[in-house]
Number of protein chains: 2
Amino acid sequence: MARILIIEDEQDLAGLVEYNLRAAGFETDTANTGAGGLARARAHPPDLVLLDLMLPDVAGGEVLRMLKSDPEMKKAAVVIVSAKGQEADRIQGLELGADDYVVKPFSVRELLLRVKAVLRRADAEEGPAAVLAAGDISLDTSRHQVRVKGEEIILTALEFRLLRTLLERSDRVQTREVLLSDVWGIQAEIHTRTVDTHIKRLREKLGPAGDIIETVRGVGYKLSPP
Amino acid sequence: MARILIIEDEQDLAGLVEYNLRAAGFETDTANTGAGGLARARAHPPDLVLLDLMLPDVAGGEVLRMLKSDPEMKKAAVVIVSAKGQEADRIQGLELGADDYVVKPFSVRELLLRVKAVLRRADAEEGPAAVLAAGDISLDTSRHQVRVKGEEIILTALEFRLLRTLLERSDRVQTREVLLSDVWGIQAEIHTRTVDTHIKRLREKLGPAGDIIETVRGVGYKLSPP
DNA sequence: CCGCTCGGGACATCCATGTGACATCCATGC
DNA sequence: GCATGGATGTCACATGGATGTCCCGAGCGG
């Protein structure tokens, strides 16, 4: 899922936003100052930046300019957060290349919708691509299609997410807890056979190619390309 | 590069849009009233008109009608800008011959994408044809006509738009949210059957050929040519 | 007033999913 | 080797959520 950097000096607000973005399945990172935000962005380029224009150190506009001037960070979408009535800021922000803005006070719901919309657009622009592969298996995210040796395999939405998660983390063992959390969105310990059952169904549908999903006894599952 | 006429009464917004269009390499011209816009268009026919439906003098719809009735200005593409929630206006606008619309508040990136897309289509039409096809279905954007095995099918403006969107993104799954956003111009989570209903109507009108609209359970719809 | 289009609520329908019971397998200690 | 307990594989089934379908009311144009 997408990675979002929050640059916001009001701790309460930052916490609230972070909590909700995580609940919606995003990875988040937070900085309380403009300088800190830029450092974070450089260290770990995000897909989207939530930028407050009123920061204690650097002016928000300046941060935006810096972000957009770095070829590495440039591709991140930017959503501006500005205080009520700062029309001038808003205009300036959009001129500088922000993708959208929300005005304080905003509802979490609205923020989520805008973030999702911006990311969706960014996705659409990236064109086709987005094909994961391992062994005889290839998975096309945008088409929502899986092939084994060129032959199409029909998966359910859940099976698809599971396979994608495993492919994205090829060769690394995923515990049942991690899978439950990342594929199912559930945080809990397990006493049921839910994960196993779906792994089984996946192996079944993949046929012989299903062998690349390995069981790591006592730990979890991993997908290991030949 | 293309020439764009902005008819918009909010000065700030007009300025912002103008700035960005110029930055993107377009020639621009601005009018703050409907009458002024028509005068400008007559004096110097644009390739594309960005038309706000809420104008101080003439109704936006009227401006559109005038534009389309003049043989000289007729060839200009029109992108409607309407305030949030003015559903009726959008539909009406499309029926009157607008090529696309954006809903306020919109992001600059979105506006640019739509403007470029519309111009691209307009360009393509100058050539032999602007026909999208898949299986037995062919859709002619310039004639606003759909055929199944050569037989003409009558679609409403909305159905046409829905089908075109699916055709343009053949093979790629579109979630209900994406469709609502791109076909309807609404940003929201869904609890209604709106999208499904229109998909159903589309399938119905397309007859057996309607089968190429696939349901991807848990995700959305996609059109997959044989 | 009639007919068309569209949105969306109220169902009907379908099938993906979660679950617990049971079978099986494997690492471990002897 | 072998017994043993815990971990994993497998299965059938109910249940809820997602989708298909129908229908009505609103808005608009003729």
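All values below were derived from every heavy atom in this structure, side-chain atoms included, with hydrogens, water molecules and symmetry-related copies excluded. In the text below, chain A, chain B and the rest are named by the order of the sequence lines, each starting its count at 1. Since this is a predicted model, take the numbers as computed values, not measurements.
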With the criterion being N/O to N/O and under 3.5 Å, what pairs connect the protein with nucleotides 25-30 of chain C, and how long is each?
| from | atom 1 | to | atom 2 | distance (Å) |
| --- | --- | --- | --- | --- |
| dC25(C) | O2 | R217(A) | NH2 | 3.3 |

Legend entry - side chain to side chain contact (heavy atoms under 4.5 Å, CB included) between L202(A) and L155(A), intermediate numbers included: CA-CA 8 Å; L202(A) 204 47; L155(A) 297 184; 4.0 Å; yes
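- R201(A) is linked by a side chain to side chain donor-acceptor pair (under 3.5 Å) to nothing, counting only residues two or more places apart in sequence or in another chain.
- Between the base of dG9(D) and the side chain of R193(A) there is a donor-acceptor pair shorter than 3.5 Å.
- Across all strands, F160(A) comes closer than 4.0 Å to no nucleic acid atom at all (heavy-atom distances).
- When the side-chain contact (heavy atoms from CB on, under 4.5 Å) test is applied to P208(B), no partner is found at least two apart in sequence or on another chain.
- Checked against side-chain contact (heavy atoms from CB on, under 4.5 Å), R147(A) has the following partners two or more places apart in sequence or in another chain: S138(A), Q145(A).
- By the side chain to side chain donor-acceptor pair (under 3.5 Å) test, T215(A) is found to be paired with R203(A), residues two or more places apart in sequence or in another chain being considered.
- Residues satisfying the side-chain contact (heavy atoms from CB on, under 4.5 Å) criterion with R169(A), sequence neighbours excluded, are T165(A), R172(A), Q174(A), V178(A), D182(A).
- In summary, D47(A) and R3(A) do not engage in a salt bridge, as defined by a charged side-chain N under 4.0 Å from a carboxylate O.
- Under the rule for a side chain to side chain donor-acceptor pair (under 3.5 Å), T175(A) has no partner lying at least two apart in sequence or in another chain.
- Fit an axis to the five pairs at each end of the helix from dC1(C)-dG30(D) to dC30(C)-dG1(D) and the two axes sit 30° apart, to the nearest 10 degrees.
- Contacts of R176(A) classified as side-chain contact (heavy atoms from CB on, under 4.5 Å), with partners at least two apart in sequence or in another chain: I190(A), V195(A), D196(A), Y221(A).
- Among residue pairs with one or both ends in residues 14-26 of chain A, those qualifying as salt bridge (Lys or Arg N to Asp or Glu O under 4.0 Å) are E18(A)-R22(A); sequence neighbours excluded.
- Distance, H191(A) NE2 to dT19(C) C1': 14 Å, rounded to whole Å.
- With distances taken from any side-chain atom of T156(B) to the nucleotides dT5(C), dA16(C), dT19(C), the minimum falls on dT5(C).
- I213(B) has its CD1 atom 11 Å from the P atom of dG20(D), to the nearest Å.
- Near DNA chain C, meaning a heavy atom under 4.0 Å from it, residues 196-204 of chain A has T197(A), H198(A), R201(A) in order of number.
- Evaluation of the side chain to side chain donor-acceptor pair (under 3.5 Å) rule for D136(B) yields no partner, not counting sequence neighbours.
- Atom pair W184(A):CH2 and dT19(C):P shows a separation of 11 Å (rounding to whole Å applied).
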